[in-house]
Every structure is written in C-alpha cells, then in structure tokens.
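Please read the structure below before turning to the comments.
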Amino acid sequence: MKSVCEQDFKETMELSVFNDASEDASAEIIEKWKMKLEDAGIPVIVGSNDSSEPRGVGFAKNQAVIQSSGTYLCFLDSDDVMMPQRVRLQHEVAIQHPNSIVGCQIRREPLESTERYTRWINSLTEEQLLTQVFTSHGPTVIMPTWFCSREWFFHLGKFDEGGRGVPEDLLFFYKHIQNGGEVFRVNHCLLLYRYHPQAATHSVLEGTIWNHRVRFLEDRVLSSWTSFTIWNAGKQGKKLYRSLSPANQKKVTAFCDVDEKKITKGFYTYEESEERPKPRVPVCHFRDAAPPFIICVKLDLTGGAFETNLNMLNLKEGVDYYHFN
C-alpha cells in the first residue's frame with residue numbers, strides 16, 4: 001500500500017482492492033491505508049467477498065477490475081512492492097501499444113529463491129517474449145508485473161474464475177497471444193516479487209499446466225508444421241511425444257540427443273500405442289537431426305553446454321525451433 005502512495009506518476013490514479021474472504025488482518029490494513037491514500041489524492045475502492053469461502057484469484061482480480069474505473073490497469077499482488085516509477089514507465093509503453101501486456105524486470109525476495117526463473121524473467125529478448133511462451137515457466141512477462149488497457153482486458157474477456165488449481169494467468173496470457181496481443185517489458189526493475197510457500201501459485205498442479213501448454217503448442221506451432229524433431233530422447237522428450245495428438249505424433253521424424261547410450265539404441269518404441277506395428281521413432285545425434293525442433297532440454301542448467309550445441313547449428317528461434325522446457 002505504501003508503494004502505491006509513493007508512485008511518481010503525475011496523472012490521476014485510483015486503487016481498487018478486492019478482499020476475497022481473507023481471515024487475517026487484511027481488512028484493517030486496507031481501511032488504515034484507505035484514509036492515507038485518499039489524503040494523498042488517490043481514491044480507494046474496496047470490494048469484498050463476505051462469504052466464508054474464497055472464490056479464487058481469477059474471481060478476485062476480475063472483481064477488482066470491474067469495480068474500478070481507470071483507462072489502464074496496473075496489477076499488484078498483495079505481497080509485492082512497486083518501485084516509485086512503475087506506473088509512469090509502464091503507462092508510457094502501454095499508451096503506445098493499446099493491445100499489449102506490459103511487464104517489467106523484477107527483484108526476488110528472498111534473493112536466492114528461484115534464481116533460474118528470475119534470470120529468465122529479466123533477460124528474455126523482445127522476440128523471446130513471444131517465442132518462449134510454451135515453457136514450464138509460464139507467461140514471459142509474469143502476472144504480478146502486468147499493465148494493460150482496460151479496453152483490451154475486457155476484449156479478451158477477463159480471468160478464468162474456476163478457482164483453486166486453475167492457472168488463470170497462463171490461460172489469460174494464451175488468450176492474449178491467440179488474439180494477436182503484443183508483449184513488452186520495461187527493462188527496469190519495477191517490482192519486488194516476494195516468494196513464500198503459501199503463495200496461490202503453488203496450488204496449481206503441474207499436470208494441469210502441462211496439458212494446457214501441449215494444447216497451446218499444438219495450436220500455435222505444430223498445426224503449421226508437417227514434420228519435426230524432438231530434442232531430448234529422455235523422459236521429458238518422450239513425455240511430450242506421448243502427450244501429442246495422434247496426428248502430431250505422426251509428424252515426429254526423430255528424437256535427438258547427446259547421450260551415446262540413447263543414440264546407440266537407435267529408436268524409441270511407443271509401447272502404449274494401440275497401433276500395430278507399434279510406432280518406432282529413430283533416435284540420432286543432434287548434429288544429424290533435421291529442424292524444426294521442439295526442444296525439451298532445460299535452459300541454464302548444463303553450464304552452457306546445451307546452449308553451445310544449439311548455437312552451433314545457426315538456427316533461428318521461432319522459425320527453426322521452439323523451447324518447451
């Protein structure tokens with residue numbers, strides 16, 4: 001609340017808070033700060049779900065938006081802290097790109113939590129904000145940093161209100177991409193993003209996210225490819241293969257890898273298949289494989305070895321390959 005008060009944005013702002021059946025001291029804190037913010041010229045709208053059961057993150061965010069009146073929406077989770085220039089800098093980008101979601105760089109607290117994830121968030125290039133949308137990291141600009149126009153938000157049709165276990169930010173982000181939305185990031189750290197085990201993000205099952213990601217990949221990429229190679233003949237590559245629709249499984253010409261043992265084996269047999277004979281997919285060395293690739297190798301984990309191998313092939317991300325892990 002203090003960080004809202006300290007924004008250096010010179011135009012009008014309002015704060016819209018929705019209290020989704022919280023059982024802690026949130027209501028008192030909101031009331032205390034409502035007076036402080038209104039004294040500083042920032043109107044505060046407070047809504048609440050007065051039942052005993054929370055309705056979930058998607059519902060709460062939608063309510064906060066519906067009861068507000070701003071032309072632009074700046075999302076702030078109750079446990080994060082904005083830097084003073086956040087609204088001003090994101091607003092400058094958003095007014096030039098009305099159909100965009102604008103994010104920013106972040107600082108994690110505690111500093112050592114989710115180091116790989118934080119590096120990924122902060123270092124994606126402008127192109128990668130659109131090409132790396134299929135990875136297990138989720139949206140390429142993270143939800144607690146989102147800034148967008150009200151009109152665009154309602155054009156997309158709000159957050160999914162399925163409640164606990166629904167990745168409402170991922171589904172909204174996919175809808176945004178499918179509708180031709182742009183993605184930008186202000187290259188300044190404008191948010192202190194707190195990590196704690198109770199965060200709602202931990203209630204979403206990995207399997208749920210996996211299924212959404214596979215369908216999105218099939219819809220956005222594989223539907224226009226006639227054949228492709230899966231880079232990783234191990235667990236993750238095989239899991240992706242088994243998760244594909246039968247039509248997309250037939251497009252997989254090979255698995256590729258660096259592991260001599262897997263390559264020597266020569267092929268992967270899809271044992272669970274109903275087909276007879278069972279599908280056998282060749283396994284080869286990545287240097288002998290034909291693009292395009294869906295890459296199921298984790299980034300930033302092999303001390304640069306994987307990245308070196310990929311760069312060696314002089315391929316273009318978003319054309320010759322997409323990252324899935």
Side-chain angles (χ1 to χ4, degrees), residues 116 120 128 130-138 140 167 170 174 177-178 204-325:
R116 278 177 64 239
W120 180 80
Q128 286 171 332
L130 287 172
T131 57
Q132 293 203 11
V133 295
F134 306 103
T135 79
S136 51
H137 283 328
T140 49
L170 186 70
Y174 283 174
I177 301 286
Q178 282 161 334
V204 183
L205 293 173
E206 206 178 315
T208 305
I209 292 179
W210 174 275
N211 293 335
H212 285 304
R213 287 170 51 217
V214 172
R215 300 291 85 85
F216 191 57
L217 178 74
E218 291 188 314
D219 175 53
R220 301 288 301 171
V221 176
L222 304 185
S223 59
S224 60
W225 283 0
T226 53
S227 65
F228 64 98
T229 300
I230 293 176
W231 190 318
N232 184 350
K235 214 162 75 180
Q236 290 289 302
K238 290 171 184 172
K239 183 182 175 186
L240 174 62
Y241 176 84
R242 291 194 301 268
S243 304
L244 297 172
S245 69
N248 283 319
Q249 284 176 348
K250 287 186 167 60
K251 296 179 185 178
V252 178
T253 50
F255 288 91
C256 73
D257 213 292
V258 288
D259 184 334
E260 290 304 330
K261 215 157 67 185
K262 293 182 185 118
I263 297 164
T264 308
K265 203 175 169 197
F267 54 85
Y268 161 66
T269 306
Y270 181 28
E271 296 293 354
E272 299 88 342
S273 175
E274 305 286 300
E275 279 185 52
R276 294 293 177 272
K278 291 174 183 178
R280 282 162 58 116
V281 185
V283 178
C284 62
H285 193 279
F286 77 89
R287 279 194 298 263
D288 305 320
F293 297 98
I294 296 298
I295 300 177
C296 294
V297 180
K298 288 183 179 178
L299 290 162
D300 193 17
L301 258 195
T302 55
F306 162 70
E307 286 79 358
T308 304
N309 289 341
L310 181 57
N311 291 338
M312 190 194 293
L313 301 180
N314 292 319
L315 303 171
K316 185 170 168 51
E317 186 169 2
V319 177
D320 301 312
Y321 68 90
Y322 283 91
H323 285 287
F324 190 70
N325 254 51

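With sequence neighbours excluded, the residues forming a side chain to side chain donor-acceptor pair (under 3.5 Å) with Trp210 are Ser243, listed by chain and number. Partners of Phe134 according to the ring-ring contact (aromatic ring centres under 6.0 Å, His included) rule, which considers only residues two or more places apart in sequence or in another chain, are Phe216, Tyr322. With sequence neighbours left out, the side chain to side chain donor-acceptor pair (under 3.5 Å) criterion links Glu260 to no other residue.
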**Request:** Kindly indicate, with the supporting measurements, whether the criterion side chain to side chain contact (heavy atoms under 4.5 Å, CB included) is fulfilled by Trp231 and Val297.
**Result:** CA-CA 7 Å; Trp231 190 318; Val297 180; 3.6 Å; yes
**Item:** Candidate pair Arg213 and Arg215, rule side chain to side chain contact (heavy atoms under 4.5 Å, CB included), full reasoning
**Value:** CA-CA 6 Å; Arg213 287 170 51 217; Arg215 300 291 85 85; over 6 Å; no
**Asked** Could you go step by step and tell me if Thr140 and Gln128 meet the side chain to side chain contact (heavy atoms under 4.5 Å, CB included) rule?
**Response** CA-CA 8 Å; Thr140 49; Gln128 286 171 332; over 6 Å; no
**Trace of the side chain to side chain contact (heavy atoms under 4.5 Å, CB included) decision for Phe324 with Leu240** = CA-CA 9 Å; Phe324 190 70; Leu240 174 62; 3.9 Å; yes
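When all heavy atoms of Glu307 and Thr302 are compared, the pair lying nearest together is OE1-OG1, 3.7 Å. Of all heavy-atom pairs between Ala289 and Thr229, the closest is CB-CG2, 4.1 Å. Of all heavy-atom pairs spanning Pro167 and His212, the tightest one is CG-CD2, 3.8 Å. For the residue pair His323 and Thr135, the shortest heavy atom distance occurs at O-CG2, 3.9 Å. Of all heavy-atom pairs between Arg287 and Met312, the closest is CD-SD, 4.3 Å.
Atom-to-atom distance recorded for Leu310:CG and Glu317:CD is 8.0 Å, nearest 0.5 angstrom. Here Thr269 contributes atom OG1 and Arg280 contributes atom CZ; the two are 5.0 Å apart, rounded to the nearest 0.5 Å. Put simply, CD1 on Ile230 and CG on Leu244 are 5.5 Å apart, with the number rounded to the nearest 0.5 Å. Going from atom CG of Asp257 over to atom CG of Asn232 covers 5.5 Å, rounded to the nearest 0.5 Å.
Of the possible donor and acceptor atoms, one in the side chain of Arg276 sits under 3.5 Å from a partner among the backbone N and O of Ser273. Between the side chain of Arg242 and the backbone N or O of Tyr270, no donor-acceptor pair lies under 3.5 Å. Using a distance-only test at 3.5 Å, with no hydrogens or angles considered, a donor-acceptor pair links the side chain of Gln249 to the main chain of Tyr241. Gln236 places no side-chain N or O within donor-acceptor distance of the main-chain N or O of Asn325, the cut-off being under 3.5 Å. Remark: side-chain polar atoms of Thr253 are paired, donor with acceptor, to backbone N or O of Phe228 under 3.5 angstrom.
Shown here is Lys316, whose NZ atom has no more than 12 heavy atoms of other residues, nucleotides or ligands within 6.0 Å.
Ring-centre distance between Phe293 and Phe286: not below the 6.0 Å cut-off.
Put simply, the side chain of Asp219 reaches to within 4.5 Å of the side chain of Gln178, judged on heavy atoms.
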